[in-house]
*Asks:* 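Please read through the structure below; I'll follow up with questions.
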2 protein chains.
Amino acid sequence: MSTIKEVARLARVSPATVSRVMNGEVPVAEETRRRVEDAMKQLGYRPNSFARSLASNRSDCIGLVISHLAGPFMGTLMVNLEEKLRLHRKSLLVASGHNELIREQESIDFLMSRRCDGLLVQSDRLHDDALVALAAQIPLVVINRRVPGLEGQCSYVDNQQGGYLATRHLIEQGHRHIACITGPRWKQDATQRLAGYHQAMEEAGLAVPEGAVVEGTWQESSGREAVDTLRRRGVPFTALAVGNDDMAIGAMLHLKELGLSVPEDVSLVGFDDEVYAHYVTPGLTSVHVPVDRMAQAASGRVISLAYDDPWQGPLCFSTHLVERGTVAPPSSAHVTHP
Amino acid sequence: MSTIKEVARLARVSPATVSRVMNGEVPVAEETRRRVEDAMKQLGYRPNSFARSLASNRSDCIGLVISHLAGPFMGTLMVNLEEKLRLHRKSLLVASGHNELIREQESIDFLMSRRCDGLLVQSDRLHDDALVALAAQIPLVVINRRVPGLEGQCSYVDNQQGGYLATRHLIEQGHRHIACITGPRWKQDATQRLAGYHQAMEEAGLAVPEGAVVEGTWQESSGREAVDTLRRRGVPFTALAVGNDDMAIGAMLHLKELGLSVPEDVSLVGFDDEVYAHYVTPGLTSVHVPVDRMAQAASGRVISLAYDDPWQGPLCFSTHLVERGTVAPPSSAHVTHP
DNA sequence: GTCGCCAATGCAATCGATTTCATGCTCGTC
DNA sequence: GACGAGCATGAAATCGATTGCATTGGCGAC
């Protein structure tokens, strides 16, 4: 593998000039530039990224910490992050939190010791304070979460608006008894989706009866259980606003097992608009989350922070409803109760 | 940020000794080691990874090229890769091929110029030759593909065995007219799954009629279309062995739309055992692919190659069948034909 | 013709580690 | 008591780029 010196010798210039040709900031005579470029090509020269980083104190790497790499969205998220970063010739260094706080912290440490130029963090477990502190040390963008004090460095989806949309849709179809299955309360997106539900109910002058909100785990099985819980509690409902698609599908399958039909007896709206939302019959009506745009914004923003590029554009994105087949007007005859 | 020299001064030793303490290969007196470690702690010292890499000519990074980051399995794949690599204190540098040959090549170039210590490549588009050539330049492990001449550096699943398993299961249930929907023929896993189908059919002495094999795109929609194609061709079938779950689900939903029921009229086996395989009703019987073990093996192997660690263990993994509800004995009255 | 300026380029220090070789010290042996 | 072996440590070269400063040469102004 050839070095900058060999290129310099072949092009009959100094290494400094070769460096200037590569980095292109400083003017170089046309003739010289050509000679250097020829020499580089001829030798198949590849700059040594270690030496470059050492001297320039930049790594051209952006670190990504993800709470769980196999989670929903992560594919879409990574595709879009990677694409944008590579456009800027930056590499993506990935570390997973494996769903544990301590491993998320380790991951951040790990990426910091690699001296990434910037960090993208998607985490539910880390404290707001920890993120604010981190942002003081390194260009940071938080993904899918809004951290007070870090406005402008958080790229996220307006989950409350999504919850509102889902619930309002049910109300518009005539439902009055709408229960809600949420994700874990300690997750911001879960509580915000729930807030949207409350907002829509309140706006419509509908009371949310005691026990009409059930906390799930995001998983399909907890959707099933939530249905049982609601029935056990004796909460009447003709519709369910559900925090994500997996739980919605779980609820839906379980309702069928109980002899209730969707949407005739119970209407259902999911959240996330996963690819498999239409695999159930009827297809699941769901709230679409623009993960791609959120990811693009996040990567754009982290680049702007890390390399003082200019930046403009939104960091908060709104959702929209995708109607399929799980919502219909209530047939009053079928108000469900235990 | 403090440097090795500052640590050395504080501990009253030379930088060389600090280096030796860090790397631990060379013996250092107990008392000295303690002083150095105290100094490191006191200064919050973090070795500069650029300088380290420059001097040692190692990056402690493993590159990962993935044909499409949002593809099925990629989540599971990455979780397992990342976990194993981090255990060895290696970083994972990710680049996507975005489903195009040229961008896969670019990705490899990109990671090579970052001087990764090793490369993990999951690609359908790259030629065998290109991979063999690449392996001569850098420690390489190929994921989910068997490359002649690179035995021992390919971690993959026995797709033929999986195809065989699926088809034999249908045969054992009494089916004689089994059609097949495959993935794109230029993908190795697709053709191998198909080979398994042929193997099982032949073994059972069943002929595969002209037109009973339809090529799809892996996508749900192509499963639907394949069903139409089969009917148009007039191929009789009581069962379908399908190349992946998405197409299987597409076929299944479409069969229902056509008024046929699964499994009474048509039995169905998918492949991949995706999480959502049981979201359809009845749940899809499918062939489970041990992606986790394949990923662990791949990362173990690449580490062994890059850092000459010893290595042993299998690189080829077999599948198993997960029975749900889409297979039943054929009801001869319902042999499907156009 | 000389001076000064500017553009282009070279020189050499620097980044922060690793690693080879040399050195000093201790200890056991004869 | 001298010598050699062996261990712990230090000095200094090295990895391959970047970059501040010095130098050169060409050219226009006076």
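So you know, we letter chains A, B, ... as the sequences are listed, proteins then strands, and number each from 1.
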*Asks:* Quick test of your reading: applying salt bridge (Lys or Arg N to Asp or Glu O under 4.0 Å), list the pairs with at least one residue in residues 36-47 of chain A, sequence neighbours left out, ordered by first then second residue.
*Replies:*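 Non-adjacent pairs meeting salt bridge (Lys or Arg N to Asp or Glu O under 4.0 Å): A:R33-A:E37, A:R34-A:D38, A:R46-B:D109.
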*Asks:* Suppose the criterion is salt bridge (Lys or Arg N to Asp or Glu O under 4.0 Å): which pairs have a residue in residues 57-71 of chain B, not counting sequence neighbours?
*Replies:*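 For residues 57-71 of chain B, and leaving out neighbouring residues, the salt bridge (Lys or Arg N to Asp or Glu O under 4.0 Å) pairs sorted by first residue read B:R58-B:D60, B:D60-B:K90.
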*Asks:* Would you kindly give the CE-to-C1' distance between A:M22 and D:dT19, to the nearest whole Å?
*Replies:*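 After rounding, the gap between these two atoms is 13 Å.
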*Asks:* Output every pair passing salt bridge (Lys or Arg N to Asp or Glu O under 4.0 Å) with a member in residues 6-16 of chain A, not counting sequence neighbours, ordered by first then second residue.
*Replies:*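 Found none.
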*Asks:* Decide whether a cation-pi geometry holds between A:R114 and A:F110; the criteria are a distance under 6.0 Å from NZ or CZ to the six-membered ring centre and an angle within 45° of the ring axis.
*Replies:*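 Judged by the rule, A:R114 and A:F110 form a cation-pi pair.
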*Asks:* Sequence neighbours left out, cut at 3.5 Å: what donor-acceptor pairs do the side chains of residues 303-313 of chain A make with other protein atoms?
*Replies:*
residue: A:S304; atom: OG; partner: A:R301; partner atom: O; Å: 2.8
residue: A:S304; atom: OG; partner: A:R301; partner atom: NH1; Å: 2.7
residue: A:Y307; atom: OH; partner: A:D117; partner atom: OD2; Å: 2.6

*Asks:* Who passes salt bridge (charged side-chain N to carboxylate O under 4.0 Å, His left out) against B:K84, sequence neighbours left out?
*Replies:*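 With neighbours one apart ignored, the set is empty.
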*Asks:* Using the test salt bridge (charged side-chain N to carboxylate O under 4.0 Å, His left out), find all partners of A:E106 that sit at least two apart in sequence or belong to another chain.
*Replies:*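 Counting only residues at least two positions away or on another chain, A:E106 forms a salt bridge (charged side-chain N to carboxylate O under 4.0 Å, His left out) with B:R86.
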*Asks:* Output side-chain donor-acceptor pairs under 3.5 Å for residues 139-152 of chain A, partner residues at least two apart or in another chain, one line each.
*Replies:*
residue: A:R145; atom: NH1; partner: A:S123; partner atom: O; Å: 2.8
residue: A:R145; atom: NH1; partner: A:L126; partner atom: O; Å: 2.9
residue: A:R145; atom: NH2; partner: A:L126; partner atom: O; Å: 2.7
residue: A:R145; atom: NH2; partner: A:D128; partner atom: OD1; Å: 2.7
residue: A:R146; atom: NE; partner: A:Y156; partner atom: OH; Å: 3.4
residue: A:E151; atom: OE1; partner: A:G149; partner atom: N; Å: 3.2
residue: A:E151; atom: OE2; partner: A:G149; partner atom: N; Å: 3.3

*Asks:* State which residues pass side chain to side chain contact (heavy atoms under 4.5 Å, CB included) with B:S96; sequence neighbours excluded, sorted by chain then number.
*Replies:*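 Checked B:S96 against side chain to side chain contact (heavy atoms under 4.5 Å, CB included); matches are A:E82, B:L69, B:H98.
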*Asks:* Quick check for you: name the first and last nucleotides of DNA chain C, 5' to 3', having an atom under 4.0 Å from a heavy atom of chain A.
*Replies:*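 Listing 5' to 3', DNA chain C meets chain A from C:dA8 to C:dG16.
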*Asks:* Any N/O pairs under 3.5 Å between the protein and nucleotides 8-10 of chain D? List them or say none.
*Replies:*
residue: D:dT9; atom: OP1; partner: B:T32; partner atom: OG1; Å: 2.2
residue: D:dT9; atom: OP2; partner: B:A29; partner atom: N; Å: 2.9
residue: D:dG10; atom: OP2; partner: B:S14; partner atom: N; Å: 2.8
residue: D:dG10; atom: OP2; partner: B:S14; partner atom: OG; Å: 3.2
residue: D:dG10; atom: OP2; partner: B:T17; partner atom: OG1; Å: 2.6
residue: D:dG10; atom: N7; partner: B:R20; partner atom: NH2; Å: 2.6
residue: D:dG10; atom: O6; partner: B:R20; partner atom: NH1; Å: 3.4
residue: D:dG10; atom: O6; partner: B:R20; partner atom: NH2; Å: 3.4

*Asks:* Near DNA chain D, under 4.0 Å by heavy atom, which residues of residues 44-59 of chain B?
*Replies:*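 Output list: B:L54, B:A55.
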*Asks:* So, using side chain to side chain contact (heavy atoms under 4.5 Å, CB included) as the criterion, who are the partners of A:N80 when residues are at least two apart?
*Replies:*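 For A:N80 the side chain to side chain contact (heavy atoms under 4.5 Å, CB included) partners, ignoring immediate neighbours, are A:T76, A:D292, A:A295, A:Q296.
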